[in-house]
Amino acid sequence: MEFKLDEDLVFFAVDYALSRGARYAEARLQRDASRAFVVKNGIPEAVGISENIGLSVRVLVNGSLGFASTDNWDNKDVIKSIIDDAIKMARANKLGDEDLSEEPNYKAKVFIEPIKDPGVIDPSEKINFLRELDKIIETAHKDAKYPNRFNNLSERVTQKVYANSDGTLIISSIPRIAFFTFFVTVANNQFDTRYIQLGAARGWEAIKDWKLDEYVKEEAESMAKVLLEGKETPEGEMDIILGPEVSGLSAHEAVGHPYEADRIMGREGAQAGESFIDPDMLGRKVGREVLTVIDDPTIPNSYGFYLYDDEGVIARPRYLIKEGHINEFLHNRETAAKFGVKSNAAARASAYNREPIVRMANTYIAPGDMSFDELIEDVKLGIYIKTFGEWNIDDLRYNMRFVGKEAWLIENGELKHLVRNPILEITTPRFYESIDAMDNDLRFYAATCGKGDPGQGVPVYVGGSNVRLRNIRVLKR
């Protein structure tokens with residue numbers, strides 16, 4: 001059966017669930033159509049095409065939730081069967097203490113139309129484009145070799161029809177495009193690796209706007225220069241400037257994840273770790289007034305973009321840290337009910353056969369009003385870590401360690417020379433307490449955030465501006 005955005009089908013599922021004794025029911029019909037193109041060392045290695053279509057239902061019965069799904073989405077007898085399964089599942093749960101927050105009802109359509117649909121472009125053109133980028137990387141620096149190069153271009157369209165028994169109906173169609181590259185650089189009898197990911201909720205026009213030919217050349221040249229010119233990193237306590245790539249990952253890993261309410265409650269403990277945050281920390285001061293960390297699904301054309309989550313709740317910016325204080329956690333309707341608050345639309349499901357759980361979208365440290373020159377002008381001794389190559393964080397999101405990739409020594413307010421592999425080992429509280437300023441250069445990088453069991457990878461942005469930390473201990477490798 002040809003897929004269509006069929007609201008009658010989801011209403012049928014909701015009505016049947018109510019007739020079988022559910023106090024609340026929701027249904028989500030979802031189609032994910034994807035294409036991927038891979039070129040490795042200049043040779044086309046793979047072209048992948050996939051389509052994933054199905055319908056899921058979730059019910060609330062006697063204070064317990066049940067979830068079931070099917071890829072036989074056009075068969076009403078099968079739909080009835082999975083609803084019966086979901087109701088049995090809920091009734092088998094003896095706890096009976098689950099509930100969902102009360103939320104307004106919405107009827108909305110969210111459609112992003114690409115300026116240039118990637119689907120109309122010949123696959124050979126995409127392969128040739130990746131081969132051209134491969135050649136740019138391979139010849140980026142005359143004194144370096146790039147023996148391993150991997151370039152990937154992926155496209156996806158996600159279409160959904162969501163309805164619940166409260167009266168909400170959301171129909172959406174969102175395209176996404178992403179570019180990923182990984183390469184090894186060898187120079188000066190040393191080697192290092194670099195990976196980059198860009199993405200957007202757009203069409204082929206994003207490829208032109210990214211100027212990938214310039215971008216990959218600059219990154220490959222940078223890797224060579226670090227190996228050829230980088231000097232030993234000084235050790236000791238000094239000021240640190242983190243580039244948007246690094247500050248963005250810190251916002252995602254050390255604020256976004258520990259502020260997920262299901263993780264705080266311990267639900268994710270056996271799957272993705274727990275959190276050093278607990279509920280009574282709301283309002284606690286964790287940084288200076290200049291520090292604000294936001295997770296915002298509504299950023300236009302962002303990789304993590306959505307206007308309604310997978311529980312039909314309208315999205316908004318979530319101010320996780322506001323002016324140095326813990327302001328809110330990330331919630332779906334289940335955790336919001338337990339915390340006695342409204343959901344802030346953080347429920348996401350990666351596919352039709354995954355339940356909506358608490359997730360990030362686009363997490364970043366809000367920029368300041370300084371220029372980069374103003375940010376470093378009073379740094380007597382410090383390190384500017386523009387990009388990173390290694391990141392580790394514990395299950396509680398409390399202790400983290402990362403290694404700089406492209407990094408520069410700062411002396412008396414000026415960038416002096418490249419340094420090799422500066423290391424920061426620091427706790428999350430100390431990290432954020434140390435931030436005293438940021439410039440106005442807000443940038444975003446695409447990522448795929450993993451969580452849950454079965455696993456769910458969802459598209460997100462990580463981002464920020466250049467961020468200054470005072471009096472941080474730096475180690476060398």
Side-chain angles (χ1 to χ4, degrees), residues 233-259 275-277 281 283-294 319-327 363-388 390-394 396-405 407-413 415 419 421-443 462-476:
T233 296
E235 288 191 303
E237 198 169 275
M238 65 191 74
D239 296 338
I240 300 294
I241 309 292
L242 299 179
E245 179 181 306
V246 192
S247 66
L249 189 65
S250 76
H252 179 95
E253 298 287 358
V255 177
H257 275 306
Y259 284 47
S275 174
F276 74 95
I277 299 291
M281 292 175 69
R284 180 174 298 185
K285 188 176 187 296
V286 292
R288 307 184 197 196
E289 288 188 1
V290 297
L291 176 64
T292 293
V293 180
I294 305 168
Y319 285 75
L320 306 181
I321 298 175
K322 187 174 183 179
E323 297 176 353
H325 294 78
I326 297 178
N327 184 64
T363 315
Y364 65 100
I365 297 176
D369 56 7
M370 288 184 174
S371 68
F372 182 75
D373 289 342
E374 290 172 327
L375 196 66
I376 69 172
E377 67 182 2
D378 68 343
V379 175
K380 292 183 172 55
L381 176 65
I383 304 288
Y384 170 42
I385 303 177
K386 184 178 179 182
T387 62
F388 75 95
E390 188 180 316
W391 185 285
N392 298 283
I393 193 164
D394 67 21
L396 292 176
R397 262 42 193 183
Y398 188 81
N399 296 288
M400 55 178 160
R401 177 184 188 272
F402 61 92
V403 181
K405 184 75 68 176
W408 297 77
L409 180 72
I410 306 171
E411 283 184 346
N412 298 319
L415 299 183
V419 295
N421 302 318
I423 299 171
L424 267 64
E425 293 182 351
I426 193 169
T427 67
T428 295
R430 173 79 172 108
F431 183 96
Y432 285 100
E433 289 167 0
S434 303
I435 294 175
D436 80 326
M438 50 281 295
D439 73 7
N440 55 14
D441 185 16
L442 177 61
R443 300 189 185 191
V462 300
S465 56
N466 292 291
V467 172
R468 185 173 68 200
L469 292 80
R470 296 293 197 182
N471 303 318
I472 300 298
R473 185 165 176 254
V474 175
L475 305 172
K476 64 183 179 182

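Values in this document were obtained by computation on a predicted structure and should not be read as measured data. Below, each value reflects all heavy atoms present in this structure, side chains not excepted, and no hydrogens, waters or symmetry copies.
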**Q** Which residues pass the side chain to side chain donor-acceptor pair (under 3.5 Å) test with Tyr259, sequence neighbours left out?
**A**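 Once residues adjacent in sequence are excluded, Tyr259 has no partner under the side chain to side chain donor-acceptor pair (under 3.5 Å) criterion.
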**Q** For atom CD of Glu289, is the number of surrounding heavy atoms from other residues, nucleotides or ligands below 6.0 Å larger than 12?
**A**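 No, not enclosed.
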**Q** Sequence neighbours left out, what passes side-chain contact (heavy atoms from CB on, under 4.5 Å) with Leu381? Give chain and number order.
**A**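 Checked Leu381 against side-chain contact (heavy atoms from CB on, under 4.5 Å); matches are Met238, Leu409, Glu411.
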**Q** Kindly compute the distance separating CD (Glu433) from CZ (Arg288), expressed to the nearest 0.5 Å.
**A**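 Glu433 CD to Arg288 CZ: 9.5 Å, rounded to 0.5 Å.
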**Q** With rounding to the nearest 0.5 angstrom, report the NZ to CD1 distance, Lys476 to Ile423.
**A**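 Between Lys476 NZ and Ile423 CD1, I get 10.5 Å after rounding to 0.5 Å.
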**Q** Taking side chain to side chain donor-acceptor pair (under 3.5 Å) as the definition, give me every residue that meets it alongside Arg401, ordered by chain and number, with sequence neighbours left out.
**A**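 Side chain to side chain donor-acceptor pair (under 3.5 Å) check on Arg401 returns Glu390, Glu425.
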**Q** Within a radius of less than 6.0 Å around CZ of Arg443, do more than 12 heavy atoms belonging to other residues, nucleotides or ligands occur?
**A**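 No - once you tally the heavy atoms of other residues, nucleotides and ligands closer than 6.0 Å, there are 12 at most.
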**Q** Search all heavy atoms of Phe276 against all heavy atoms of Pro258 and return the closest pair with its distance.
**A**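 In terms of heavy atoms, the two residues are closest at CE2-CB, 4.1 Å.
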**Q** Kindly give the heavy-atom pair with the smallest separation between Leu442 and Ile365, and that separation in Å.
**A**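 Looking at all heavy atoms of both residues, the closest pair is CD1-O, 4.3 Å.
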**Q** Contact between Pro422 and Ile385 at the side-chain level, heavy atoms closer than 4.5 Å - yes or no?
**A**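 Pro422 reaches Ile385 side chain to side chain.
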**Q** Please give me the minimum heavy-atom distance between Thr233 and Asn421, naming the atom from each residue.
**A**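 Residues Thr233 and Asn421, closest heavy atoms: OG1-C, 4.0 Å.
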**Q** Check Met370 against Glu374 and note the closest heavy-atom contact, atom names and distance.
**A**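 Nearest pair, atom of Met370 first, then Glu374: CA-OE1, 3.4 Å.
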**Q** Taking side-chain contact (heavy atoms from CB on, under 4.5 Å) as the test, write out the residues that go with Thr427, two or more places apart.
**A**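 Listed in chain order: Tyr398, Asn399, Pro429, Arg430.
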**Q** Can you confirm whether Leu320 sits close enough to Ile294 that some side-chain heavy atom of one is under 4.5 Å from a side-chain heavy atom of the other?
**A**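 Of all side-chain heavy-atom pairs linking Ile294 with Leu320, none is under 4.5 Å.
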**Q** List for me each residue that meets ring pair (Phe, Tyr, Trp, His ring centres under 6.0 Å) alongside Phe402, sequence neighbours excluded, and say none if there are none.
**A**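 Once residues adjacent in sequence are excluded, the partners of Phe402 under the ring pair (Phe, Tyr, Trp, His ring centres under 6.0 Å) criterion are Trp391.
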**Q** Mind checking the CD1-CD1 spacing from Ile383 to Ile241? Nearest 0.5 Å is all I need.
**A**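 Going from CD1 on Ile383 over to CD1 on Ile241, the span is 10.5 Å.
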**Q** Donor-acceptor pairs under 3.5 angstrom involving side-chain atoms of residues 245-255: please list them, not counting sequence neighbours.
**A**
| from | atom 1 | to | atom 2 | distance (Å) |
| --- | --- | --- | --- | --- |
| Glu245 | OE1 | Arg194 | NH2 | 2.9 |
| Glu245 | OE2 | Arg194 | NH1 | 3.1 |
| Glu245 | OE2 | Phe388 | N | 3.4 |
| Ser247 | OG | Gly243 | O | 3.4 |
| Ser247 | OG | Pro244 | O | 3.4 |
| Ser247 | OG | Ser465 | O | 3.0 |
| Ser250 | OG | Ser247 | O | 2.7 |
| Ser250 | OG | Tyr432 | OH | 3.3 |
| His252 | NE2 | His257 | NE2 | 3.3 |
| Glu253 | OE1 | Arg397 | NH2 | 2.5 |

**Q** Look up atom CG in Asn466 and atom CG in Asp441, then write down how far apart they are to the nearest 0.5 Å.
**A**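 Asn466 CG to Asp441 CG: 6.0 Å, rounded to 0.5 Å.
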**Q** Rounded to the nearest 0.5 Å, what separation is found between the OG atom of Ser371 and the CD atom of Glu377?
**A**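 The distance works out to 7.0 Å.
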**Q** Just jot down the salt bridge (Lys or Arg N to Asp or Glu O under 4.0 Å) partners of Arg470, sequence neighbours excluded, or say none.
**A**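 Arg470 satisfies salt bridge (Lys or Arg N to Asp or Glu O under 4.0 Å) with Asp239, Asp378, Asp436 once adjacent residues are dropped.
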**Q** Please name all residues satisfying side chain to side chain donor-acceptor pair (under 3.5 Å) with Asn440, sequence neighbours left out, ordered by chain then number.
**A**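 Testing Asn440 for side chain to side chain donor-acceptor pair (under 3.5 Å), a comparison that skips the adjacent residues, returns none.
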**Q** Test side chain to side chain contact (heavy atoms under 4.5 Å, CB included) on Phe372 and Leu415 and set out the steps.
**A** CA-CA 11 Å; Phe372 182 75; Leu415 299 183; 4.3 Å; yes
**Q** If the condition is ring pair (Phe, Tyr, Trp, His ring centres under 6.0 Å), which residues does Tyr319 pass it with, not counting sequence neighbours?
**A**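 By the ring pair (Phe, Tyr, Trp, His ring centres under 6.0 Å) rule, Tyr319 matches no residue at all.
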**Q** Enter the distance from Ile240:CD1 to Leu424:CG here, rounded to the nearest 0.5 Å.
**A**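 Here the interatomic distance stands at 5.0 Å.
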**Q** Shortest non-hydrogen contact from Leu375 to Val467?
**A**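 For Leu375 versus Val467, the nearest heavy atoms are CD2-N, 4.3 Å.
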**Q** Taking only residues two or more places apart in sequence, or in another chain, which ones meet Lys285 in a salt bridge (Lys or Arg N to Asp or Glu O under 4.0 Å)?
**A**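 Residues passing salt bridge (Lys or Arg N to Asp or Glu O under 4.0 Å) with Lys285: none at all.
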**Q** For residues Leu242 and Tyr384, report the shortest heavy-atom separation together with the two atoms involved.
**A**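 Scanning both residues, the minimum pair turns out to be C-CE1, 4.5 Å.
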